[in-house]
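Reviewing the structure listed below.
Note that these values count all heavy atoms, side chains included, but never hydrogens, waters or copies made by symmetry. Residue numbers start at 1 and run along the sequence shown.
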Amino acid sequence: HLFVARMWRVWELSPDPHLLFDRAIAVDRSHAAAYLGKAWALLDAGRLDEATLAAEDGLKRSPSSPWLLDVRAQIGLKRGAFRSAIALFDRVLDAEPELAGARIGLGAALLATGDEARRQSLLQLPGTPRTVVAFGLAHAEALAKAGRSVEARQLLTATVLAAPVFGAFA
């Protein structure tokens with residue numbers, strides 16, 4: 001575990017961070033966290049096919065890992081496979097409701113599919129201040145990018161007003 005944690009720290013320093021995780025996998029092929037790191041590194045590099053393979057390899061070792069399911073859903077979102085991403089994000093959030101990235105990804109997929117009612121319901125879900133603020137800000141940005149600036153301003157205002165002054169980003 002310490003080896004993988006150290007690799008996460010040097011992620012930004014490496015031109016090919018997925019190779020760091022390959023080393024961890026070579027040492028212990030059962031280490032799901034190494035597959036997770038590799039999948040995220042490849043996703044960040046835009047190498048979606050390889051990221052998918054890494055995520056799937058990790059899921060073979062840890063089929064119910066919400067973090068591996070999340071990266072798989074993020075890959076689907078990036079590919080435009082919104083319906084399958086929604087199904088995966090639902091599984092992630094059933095297991096880890098505070099995983100802000102999954103909540104944000106689900107909202108983005110719902111926005112892309114036009115499921116406005118369900119996307120709006122995500123804004124009402126309980127969560128820690130950090131999760132709620134991250135979700136609100138991400139969706140305000142998505143609405144603005146979609147040309148829905150009035151809604152974006154309303155959501156941004158509501159998010160800021162709902163956030164506690166101290167501690168939301170602590």
Can you tell if the side chain of Y35 reaches within under 4.5 Å of the side chain of E56, non-hydrogen atoms only? no
Are there more than 12 heavy atoms of other residues, nucleotides or ligands under 6.0 Å from atom CZ of R61? yes
To the nearest 0.5 Å, what is the distance between CG on L43 and CG on L77? 9.5 Å
Measure across I86 and A109 and return the closest heavy-atom pair with its distance rounded to 0.1 Å. CG1-CB, 3.5 Å
Any side-chain heavy atom of L110 within less than 4.5 Å of one from E116? no
Within-4.5 Å side-chain heavy-atom neighbours: S62 and L68: yes
Heavy-atom closest pair (R72 atom, A55 atom, distance to 0.1 Å) is CD-CB, 4.1 Å
Test item: Q74 side-chain N/O and G101 main-chain N/O as donor-acceptor pair under 3.5 Å: yes
Report the C-alpha separation of T113 and R118 in whole Å, then their side-chain angles, then the decisive distance to 0.1 Å, and conclude whether the side chain to side chain donor-acceptor pair (under 3.5 Å) test is met. CA-CA 11 Å; T113 61; R118 178 138 186 246; over 6 Å; no
What are the two closest heavy atoms between A73 and A85, and how far apart are they? O-CB, 3.6 Å
Give, for atom CD1 of I75 and atom CG of L88, the distance between the pair rounded to the nearest 0.5 Å. 10.0 Å
Does any part of the side chain of W40, heavy atoms only, come nearer than 4.5 Å to the side chain of L36, both counted from C-beta? yes
Looking at every heavy atom in both S65 and L59, which two are closest together, and how far apart are they? O-CD2, 4.4 Å
Just wondering, are more than 12 heavy atoms of other shown residues or ligands nearer than 6.0 Å to CZ in R79? yes
Between A54 and L42, the two heavy atoms sitting closest are CB-CD1, 4.4 Å
Please report the C-alpha distance between D57 and K60 in whole Å, then the side-chain angles of each, then the deciding distance to 0.1 Å, and finally whether the salt bridge (Lys or Arg N to Asp or Glu O under 4.0 Å) criterion is met. CA-CA 5 Å; D57 284 346; K60 287 176 189 171; 3.6 Å; yes
Show the nearest heavy-atom pair for residues L93 and A102, with the distance to one decimal. CD2-CB, 3.9 Å
Report yes or no: do L48 and L53 belong to one cluster of Ile/Leu/Val/Met/Phe/Trp/Tyr joined by side chain heavy-atom distances under 4.5 Å? no
